[in-house]
Amino acid sequence: QFDLGTSLVFERPVVSLLAERFPRTLELALAAIVLAVLISFPLGTLAALRRGGKVDSASRLAALLGASMPSFWLGPVLILFFAIQLDLLPVSGREGPASLVLPAITLGTQLSALLTRMVRTALASVLDRPYLRTARAKGLSPLVALVRHGWKNAMLPVITVLALQLGNVLTGSIITETIF
């Protein structure tokens, strides 16, 4: 029935409070997901192409650090450094697109770590498949063969995990929105 009652603090219906704040929450969640995708897809692809190398080790270390940092610690550290120390970004509020940067980084870090590992694992399993060897044997460069043939199969589990994580990011963005 969507009757969530009345807020004890604001003395208004909870549904109206949620409806009023949901667009900002969705904006923050989408910004975090876009940031995570922009970081994790290239990094995971490079790690898969250079398995066992320095890029792979660096991506694994970055993913470990990103997954290990809790957002309740990362958020204040980012505020202290970028907003207070360097005075580059606003501490809080909604002062244009710049005020979305720190919360999006805070939310997107753990998702980026997860997606980097997922992209690397999915692409690494696809790189040795016969259809990619056939595409390369027919004259396609390794990068074109990977983009045309490998990504289609490798991205299925990644997109599934990304869609499942959307709920977590939305929930985290509600919490982060009240902090920032």
Side-chain angles (χ1 to χ4, degrees), residues 18 21-78 82 97 99-136 140-180:
L18 289 174
R21 293 187 174 137
F22 187 72
R24 290 187 303 211
T25 300
L26 187 62
E27 176 185 34
L28 179 55
L30 290 178
I33 287 175
V34 166
L35 179 74
V37 166
L38 289 176
I39 291 170
S40 63
F41 278 41
L43 189 59
T45 302
L46 284 174
L49 291 173
R50 309 245 191 274
R51 285 177 286 185
K54 291 181 182 180
V55 174
D56 188 25
S57 298
S59 77
R60 279 190 275 165
L61 179 64
L64 176 69
L65 290 174
S68 300
M69 280 188 278
S71 57
F72 64 82
W73 177 83
L74 181 61
V77 168
L78 290 173
F82 288 105
S99 62
L100 194 61
V101 172
L102 292 179
I105 291 172
T106 303
L107 279 175
T109 300
Q110 288 184 340
L111 181 60
S112 171
L114 172 68
L115 287 178
T116 299
R117 298 300 300 154
M118 287 290 300
V119 168
R120 185 222 178 260
T121 303
L123 278 177
S125 69
V126 165
L127 286 176
D128 297 326
R129 296 285 171 102
Y131 58 85
L132 275 181
R133 280 185 293 202
T134 304
R136 286 190 297 246
L140 289 179
S141 71
L143 181 63
V144 172
L146 176 70
V147 170
R148 280 193 194 164
H149 302 288
W151 272 73
K152 290 177 185 175
N153 294 318
M155 290 303 116
L156 291 174
V158 175
I159 290 172
T160 302
V161 167
L162 184 62
L164 291 171
Q165 291 298 316
L166 177 63
N168 289 340
V169 173
L170 275 172
T171 321
S173 63
I174 292 169
I175 294 167
T176 306
E177 186 178 277
T178 59
I179 294 172
F180 287 99

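The figures here come from the full heavy-atom set of this structure, side chains too, leaving out hydrogens, waters and symmetry mates. Only a predicted model underlies this, so the values are computations on that prediction, with no experimental measurement involved.
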Legend entry - Nearest-0.5 Å distance, CG of residue L78 to CG of residue L102: 5.5 Å
Inset, instruction - Among residues two or more places apart or on two chains, list those pairs meeting salt bridge (Lys or Arg N to Asp or Glu O under 4.0 Å) that have a residue in residues 40-51. - result: R51-D128
Inset, instruction - Mind checking the CG-CG spacing from N153 to L123? Nearest 0.5 Å is all I need. - result: 10.5 Å
Inset, instruction - Using side-chain contact (heavy atoms from CB on, under 4.5 Å) as the criterion, list what pairs up with L166, not counting sequence neighbours. - result: I33, L170
Legend entry - Nearest heavy-atom neighbours spanning A145 and A135: CB-CB, 4.0 Å
Inset, instruction - Quick one: which residue pairs count as a side-chain hydrogen bond (donor to acceptor under 3.5 Å, both in side chains) with a foot in residues 157-166, not counting sequence neighbours? - result: Q165-N168
Inset, instruction - Check Y131 against H149 and note the closest heavy-atom contact, atom names and distance. - result: CE1-O, 3.8 Å
Legend entry - For A63 against A113, the heavy-atom pair lying closest together: O-CB, 3.2 Å
Legend entry - Contact check, side chains of R60 and T116, non-hydrogen atoms, under 4.5 Å: no
Legend entry - Nearest non-hydrogen partners of L115 and S40, listed with the distance: CB-OG, 3.3 Å
Inset, instruction - For F82, check ring pair (Phe, Tyr, Trp, His ring centres under 6.0 Å) against everything at least two apart and list the hits. - result: none
Legend entry - Working for side-chain contact (heavy atoms from CB on, under 4.5 Å), residues W151 and V126: CA-CA 8 Å; W151 272 73; V126 165; over 6 Å; no
Legend entry - Gap between atom CZ of R24 and atom CG of L100 - 0.5 Å precision: 12.0 Å
Legend entry - Criterion side-chain contact (heavy atoms from CB on, under 4.5 Å) against S112, the qualifying member of L43, I39, I105, L38: I39
Inset, instruction - Output every pair passing salt bridge (Lys or Arg N to Asp or Glu O under 4.0 Å) with a member in residues 108-127, not counting sequence neighbours, ordered by first then second residue. - result: D56-R120
Inset, instruction - Rounded to the nearest 0.5 Å, what's the gap from CD on Q110 to CG on L74? Could you check? - result: 8.5 Å
Inset, instruction - Compare all side-chain heavy atoms of L162 with those of L111 and state whether any distance is below 4.5 angstrom. - result: yes
Inset, instruction - Using the test side-chain contact (heavy atoms from CB on, under 4.5 Å), find all partners of L64 that sit at least two apart in sequence or belong to another chain. - result: S68
Legend entry - Between OG1 on residue T45 and CG on residue L127, distance to nearest 0.5 Å: 9.0 Å
Inset, instruction - Give the minimum heavy-atom separation between A122 and P157, together with the two atoms involved. - result: CB-CG, 4.3 Å
Inset, instruction - Supply the atom-to-atom distance L28 CG to T106 OG1, rounded to the nearest 0.5 angstrom. - result: 9.0 Å
